[in-house]
Amino acid sequence: MSLSIIKVYFFVLALFFSGSVLAQYNTTHKLQNSYLQQLYEKNSRAKNLSVDYHLQPILNNAEQIELDSTLKNIFQIKPQQIVKKSNFFKSIFRDGNLLQTISSDKKNTFTINPLYNLEVGKATSKSVYQLNKGVRLDINLNNKVFISSSFYENLSNFPNYINQYIDSLTVVPGMGKARYVFNNIEYSLPLGYIGYKATENFYFELGNDKNFIGNGHRSLLLSDVAYSYPYFKMQANFGKFSFMNLWGQFTDASKGWTNVNGYDKKYALFNTLTYKGFKNLQVSFFQSIVWTNKDSLGNRRDQEMGYFVPIIFLNTLNFNNGSPDNNLIGIDVNYQIKKSTVIYGQLILDDFNLAELLNGSGYFQNKYGVQLGIKSFQPFNIKNAFAQVEFNTVRPYTYANKTPAINYSHYGETLAHPLGANFKEFIFKGNYTTKRFLFDASIMYATVGKDDNNSHWGRNIYKSDYASNLGIFSFNNKTTQGIKTNIFNTNLGVHYLMNPITNSRVSALITSRSETSSLQNTKETIFSISFSTNLINILQDF
């Protein structure tokens, strides 16, 4: 019996023989799934609460009772529902934790829940499946200390378009390095953090997880596309201002995966400064800097101590003083119309030359990206509905650097948009809930300027931007230059909602994806059914 089969065996045993230790309804973890974040934001905006919506995952603290009530309504949990301890299926798959302990004063909780995705389906030319299993532990100590640890172990046979992504980067989208086992792919994902709420205005977190900055489906500043990473984060509120500082350690895959002594590391600092003094408007300024502990010759370099000073834009001054590191600045804005609709946008600046931008010369070092979007939590006054429209565009060579080791990536994947750079993208998302059924749909259409083996038109952020096709400091660079490729990805889903604690559901999904260019013309349709928990976002719409 193989090790993987043994692990599955004990996982199933744990599920079926833990029914005698069931517990009450409880949610204490961070909200890392887009649907749960949608419900939280809908409630908070309806009450005009002062929440930093662009900083995700959202901490489910102050509004926990309101979110619990919303989840109970959507999942149709009766307020006075009593679950017999012997009824395992009703408790685990309906309204309970697998294991739970609550202190006598109800200020401390300890919960354990299974994580799973059992999915089978049929693609155009092959069968597909996913067997994902794991466990999650959550501890809340007096609503001051939060501890969470999750581990996913996965065995999958993916559709062709995901396999192409894995073949090109050697990683599963957002889930780490791929290990090939016969015709299957194994991979794993660890997540966890320790959070400390020092006061109402100060929060500290040490973890190995993902972060996201923005109000959209995508982020051009920092997204949850890539694999998890170790970090330390501080958040502070002073009146109408809020600050966030995040230091992270990342893996440099610019030299491939051949380093037998361990992969090279790089580091990054992310700062945001948010002003919430305007009515219905939040404006957040952003800065990041990526650096490595080695110089261009591979020798160890002195640490820039200024990178540990939590003051936004301070390190932009270091860049102006000759810093060799990769510095980006940006802005995130969201404006609330009434209580149910939000207009939002982002601007990211990598390199920028205003004079050449005004000349419209297509200057090589005008590297920037723009996001515009609108989302409604009650479109056309339809209760329990949600709709979102978003446009993203990123200029060629954005996020890249003349030194590939400090590009804007981690573990072989971009830290921002999954398409990298040199693209234009439109996204539509919508969902509707009735009783315990969730219907959702998404459409993604993008035009990307791709490269062949001998060209670099600006999409590939893992190549030096000094190797551009038109040369260093060139002109006439245009977004989507190169091999113009059209990508169309449509998803339709019907979900039967089960347990609100793990956001578990039974789903039927249809995905249709096409990619056309002068080099290829592919189309793939995938139909699948699944039974899964949904506490994190899984990247597949690219």
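Keep in mind that the numbers below use all heavy atoms, side chains included, and drop hydrogens, waters and symmetry copies.
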How about His417 and Ser223: does a side-chain donor come under 3.5 Å of a side-chain acceptor? no
Contacts satisfying salt bridge (Lys or Arg N to Asp or Glu O under 4.0 Å) that involve residues 436-462 (not counting sequence neighbours) are Lys450-Glu515
Flag for Gln287-Asn327: side-chain donor and acceptor within less than 3.5 Å: yes
Pairing donors with acceptors under 3.5 angstrom, does anything connect the side chains of His456 and Ser468? no
NZ/NE/NH1/NH2 to OD/OE distance under 4.0 Å, Asp541 and Arg218: yes
Within 45° of the ring axis of Tyr53 and under 6.0 Å from its six-membered ring centre, is that where the NZ or CZ of Arg45 lies? yes
Measure the acute angle between the ring planes of Tyr397 and Phe364, then classify it against the limits of 30° and 60° as parallel, tilted or perpendicular. tilted
Answer yes if the side chains of Ser188 and Glu153 hold a donor-acceptor pair under 3.5 Å, and no otherwise. no
Polar side chain donor-acceptor pair, Asn392 to Glu390, under 3.5 angstrom: yes
Is there a donor-acceptor contact under 3.5 Å from the side chain of Thr414 to the main chain of Ala416? yes
Using the test salt bridge (Lys or Arg N to Asp or Glu O under 4.0 Å), find all partners of Asp52 that sit at least two apart in sequence or belong to another chain. Lys276
Can you tell me how the ring of Tyr165 sits relative to the ring of Phe542, calling it parallel under 30°, perpendicular over 60° and tilted otherwise? tilted
Would you mind listing every salt bridge (Lys or Arg N to Asp or Glu O under 4.0 Å) that reaches into residues 516-538, with sequence neighbours excluded? none
Can you find a side-chain donor-acceptor pair between Lys266 and Asn407 that sits under 3.5 Å? yes
Please tell me whether Ser228 and Asp209 have a donor and an acceptor in their side chains that are separated by less than 3.5 angstrom. no
Whether Phe250 and Phe270 hold their rings parallel, tilted or perpendicular, with breakpoints at 30° and 60°: perpendicular
Does Arg505 make a cation-pi contact with Phe437, if we ask for NZ or CZ under 6.0 Å from the ring centre and within 45° of the axis? no
So, Ser156 versus Tyr187: side-chain donor-acceptor pair below 3.5 Å or not? yes
When you compare the side chains of Thr533 and Thr502, does any donor N or O come within less than 3.5 Å of an acceptor on the partner? no
Would Lys375 count as a cation-pi partner of Tyr344, with NZ or CZ less than 6.0 Å from the six-membered ring centre and within 45° of the ring normal? yes
Suppose we call two aromatic rings close when their centres sit under 6.0 Å apart. Are Tyr432 and Phe439 close by that rule? no
Going by an N to O cut-off under 4.0 Å, is there a salt bridge joining Lys367 and Asp350? yes
